[in-house]
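Numbers restart at 1 for each chain; the letters A, B, ... are given by sequence-line order, proteins then strands. Because the structure is a prediction, the values reported are computed rather than measured.
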There are 2 protein chains.
Amino acid sequence: MPSKVSSSSKDGNSPKISEATVSRLPAYYRALSQLADAAQVRVSSEELAALTGVSSAMLRKDLSHLGSYGTRGVGYEVEFLRYQISREMGLNNDWSVVIVGVGNLGRALAHYGGFGSRGFRVVALVDADQTLIGTKVKCGAEGKTVELLVHALSDLEDVIKETNARLGVVATPAESAQVVSDRLVKAGIRSILNFAPVHLSVPEGVDVRKVDLASELQILAFHEQRKAV
Amino acid sequence: MPSKVSSSSKDGNSPKISEATVSRLPAYYRALSQLADAAQVRVSSEELAALTGVSSAMLRKDLSHLGSYGTRGVGYEVEFLRYQISREMGLNNDWSVVIVGVGNLGRALAHYGGFGSRGFRVVALVDADQTLIGTKVKCGAEGKTVELLVHALSDLEDVIKETNARLGVVATPAESAQVVSDRLVKAGIRSILNFAPVHLSVPEGVDVRKVDLASELQILAFHEQRKAV
DNA sequence: ACACATTTGTGCAAAAAAGCACAAATCCTC
DNA sequence: GAGGATTTGTGCTTTTTTGCACAAATGTGT
Ligand SMILES: NC(=O)c1ccc[n+]([C@@H]2O[C@H](COP(=O)([O-])OP(=O)(O)OC[C@H]3O[C@@H](n4cnc5c(N)ncnc54)[C@H](O)[C@@H]3O)[C@@H](O)[C@H]2O)c1
Ligand SMILES: NC(=O)c1ccc[n+]([C@@H]2O[C@H](COP(=O)([O-])OP(=O)(O)OC[C@H]3O[C@@H](n4cnc5c(N)ncnc54)[C@H](O)[C@@H]3O)[C@@H](O)[C@H]2O)c1
């Protein structure tokens with residue numbers, strides 16, 4: 001897994017769903033959404049597993065941690081199961097996202113339309129580049145396009161407070177990532193998605209997930225190298 | 001972990017490095033490069049572990065799978081260890097990458113300069129959009145900028161043959177991803193990095209790593225939701 | 001109402017990964 | 001060159017994750 005949650009264990013009373021399971025729930029959700037779009041009513045563990053690339057046994061065990069939402073001899077109701085996963089994952093809530101670093105990647109993320117359909121909304125863009133600050137960037141894809149102003153890094157705390165952002169995306173160069181992360185945390189952000197290829201140190205209670213594209217290619221290269229000549 | 005290798009186990013005679021270890025090697029490599037840039041000669045497992053966010057014991061065990069490259073009581077030589085990792089991972093070779101889908105994300109990847117410094121070179125861009133085909137896209141960042149022509153999807157096989165590309169990146173919409181993947185495989189590609197939020201079915205021997213940005217946000221949201229109110 | 005075909009949910013076993021602790025190796029000082 | 005301070009490499013333990021197999025539950029057909 002090219003990325004891991006770092007800190008935070010957090011358990012109050014919830015039955016504790018394993019990290020491995022959590023990391024697969026989004027794929028199930030996505031597949032169920034697809035089936036729902038195709039107006040399919042029911043799905044078996046076998047079918048859903050094939051769609052998501054896991055074994056049917058693993059799928060069933062994963063789902064069993066959420067509750068007993070299937071019917072033996074029949075399968076799962078697509079819409080019902082989809083709803084249960086979305087509820088468990090908090091996708092009903094509206095998640096506000098602030099993106100710091102509006103370069104190649106930050107802009108691509110802002111333009112992307114696929115987040116909105118899943119409860120995520122980019123509400124603020126922040127950069128340190130004077131030539132970018134004050135410019136407008138189109139956010140979201142067809143239909144729901146919004147123009148967002150690029151804010152100055154110095155306004156980070158205010159922007160977060162005003163927009164109530166709870167998720168932070170770091171898309172700055174590696175050198176600035178730790179500083180940006182520190183400021184995000186200080187401003188109250190406790191969930192960070194980091195694209196900079198550095199490890200971010202954050203206090204207990206803050207989650208960081210790292211997406212490292214270069215690492216992914218390197219891992220592929222490693223295996224490629226080992227394949228028969 | 002936002003991504004996993006799907007198929008391929010592959011073992012000829014190599015001592016078999018665990019998948020978990022392989023997934024961490026790029027981070028070690030990156031940190032060592034940083035230290036080398038800062039002209040640091042030696043590093044302890046403790047220090048390197050802190051830089052990469054793992055425990056020192058895990059780091060040592062990971063490295064021990066490559067060989068015994070440290071010196072007890074002293075630590076590791078930065079340059080030497082870096083070289084050993086790069087050799088093990090095949091980063092000395094030059095890896096040619098073809099990107100299919102030159103939209104928001106594909107373009108951001110093409111523009112990105114960080115790949116070149118690690119043995120990866122984007123050698124071809126392919127898209128299905130008639131208005132894009134034939135246009136030129138700047139590839140790589142400052143210094144080593146190259147303009148690449150966007151090729152037609154119908155030329156995919158030829159382009160791969162001519163450029164000798166061995167790594168394929170799928171950055172098309174989800175609907176097209178499986179078709180594109182099939183064609184990449186048929187053209188001889190056996191390592192694919194997939195950004196489309198769908199599971200790709202590939203034959204035995206082909207590796208797919210999936211990077212699903214929306215999933216990452218969802219996983220963060222899941223944990224965020226569980227944090228104290 | 002009963003036998004039979006399906007498909008889930010789950011206890012248990014196996015495998016993989018992470019963590020611990022310490023002996024072995026090296027360096028430094030005197 | 002002996003003793004003490006470090007720091008690696010690794011056997012062993014614990015935890016996490018995956019896989020297997022089957023009983024329990026449901027639907028169907030007669
Ligand atoms: N573009 C890619 O395909 C790609 C691939 C792999 C990794 N990455 C990583 O993602 C990150 C962003 O990549 P990119 O290609 O968008 O880079 P980029 O240089 O295009 O954009 C970086 C942006 O961050 C801004 N910035 C710099 N310092 C800042 C600070 N302290 N606060 C706020 N903003 C700041 C810059 O002004 C710039 O707009 C980098 O860390 C890069 O290594 C990118
Ligand atoms: N942009 C993001 O930040 C982001 C985030 C998460 C996921 N993704 C995923 O990454 C993929 C690409 O995203 P994007 O934002 O770049 O989309 P995009 O629509 O901007 O670009 C997609 C490109 O693929 C091309 N294309 C379509 N069908 C094709 C085919 N059969 N063969 C070759 N090219 C084809 C299109 O012409 C277009 O240029 C999508 O699957 C998207 O869900 C993107």
S.K.: Can you check the A:Leu63 CG to D:dT18 P distance for me, whole Å?
M.R.: 14 Å

S.K.: Scan side-chain atoms only and decide if B:His65 and B:Glu88 contain a donor-acceptor pair under the 3.5 Å cut-off.
M.R.: no

S.K.: Rounded to the nearest angstrom, tell me the gap between atom CG in A:Leu48 and atom C1' in C:dT7.
M.R.: 14 Å

S.K.: Calculate the interatomic distance between B:His65 atom NE2 and C:dA18 atom P; express it in whole Å.
M.R.: 11 Å

S.K.: Measure from NZ on A:Lys16 to P on D:dT15 and round the result to the nearest Å.
M.R.: 11 Å

S.K.: Check whether the side chains of A:Asn164 and A:Ser96 place a donor and an acceptor atom closer than 3.5 Å, and report yes or no.
M.R.: no

S.K.: Touch check for A:Ser56, heavy atoms < 4.0 angstrom, all strands: base, sugar-phosphate only, or nothing?
M.R.: nothing

S.K.: If the sugar-phosphate is the primed atoms plus P, OP1 and OP2 and the base is the rest, what is the B/S/- string for nucleotides 21-30 of chain D, using protein heavy atoms under 4.0 Å?
M.R.: B--BBBS---

S.K.: Are A:Asp207 and A:Ser191 linked by a side-chain donor-acceptor pair shorter than 3.5 Å?
M.R.: no

S.K.: May I ask you to check whether B:Phe80 and B:Tyr83 place their ring centres under 6.0 Å from each other?
M.R.: no

S.K.: How long is the line joining CD of B:Glu77 and P of C:dC27, in whole Å?
M.R.: 11 Å

S.K.: Counting the atoms with a prime plus P, OP1 and OP2 as sugar-phosphate, which does A:Ser18 contact under 4.0 Å by heavy atoms, base, sugar-phosphate, or nothing?
M.R.: sugar-phosphate

S.K.: State which of D:dG9, D:dT17, C:dA17 makes the closest approach to the side chain of B:Ser64.
M.R.: D:dG9

S.K.: Map B:Asp62 and A:Gly75 onto DNA chain C by nearest heavy atom, then report which one ends up closer to the 5' terminus.
M.R.: A:Gly75

S.K.: A quick test of your reading: do over 12 heavy atoms of other residues, nucleotides or ligands sit less than 6.0 Å from CZ of A:Arg121?
M.R.: no

S.K.: Please state whether the phosphate of C:dT7, meaning OP1 or OP2, lies under 4.0 angstrom from any side-chain nitrogen or oxygen of A:Ser44.
M.R.: no

S.K.: Verify, without hydrogens or angle tests, whether B:Lys227 (side chain) and A:Gly205 (backbone) share a donor-acceptor contact under 3.5 angstrom.
M.R.: yes

S.K.: Please tell me if A:Tyr76 has a side-chain N or O lying less than 4.0 Å from either OP1 or OP2 of C:dT6.
M.R.: no

S.K.: Whole angstroms only, please: what is the CD-P distance between B:Glu46 and D:dG9?
M.R.: 14 Å

S.K.: Verify the distance criterion only: is there a donor paired with an acceptor across the side chains of B:Gln40 and B:Glu47 at less than 3.5 Å?
M.R.: yes

S.K.: Whole angstroms only, please: what is the CZ-C1' distance between B:Phe80 and D:dT8?
M.R.: 15 Å

S.K.: Return the value, rounded to whole Å, for the distance between atom CE of A:Met58 and atom C1' of C:dA13.
M.R.: 17 Å

S.K.: Can you find a donor-acceptor pair, distance only, under 3.5 Å between A:Lys61 side chain and C:dG9 base?
M.R.: no

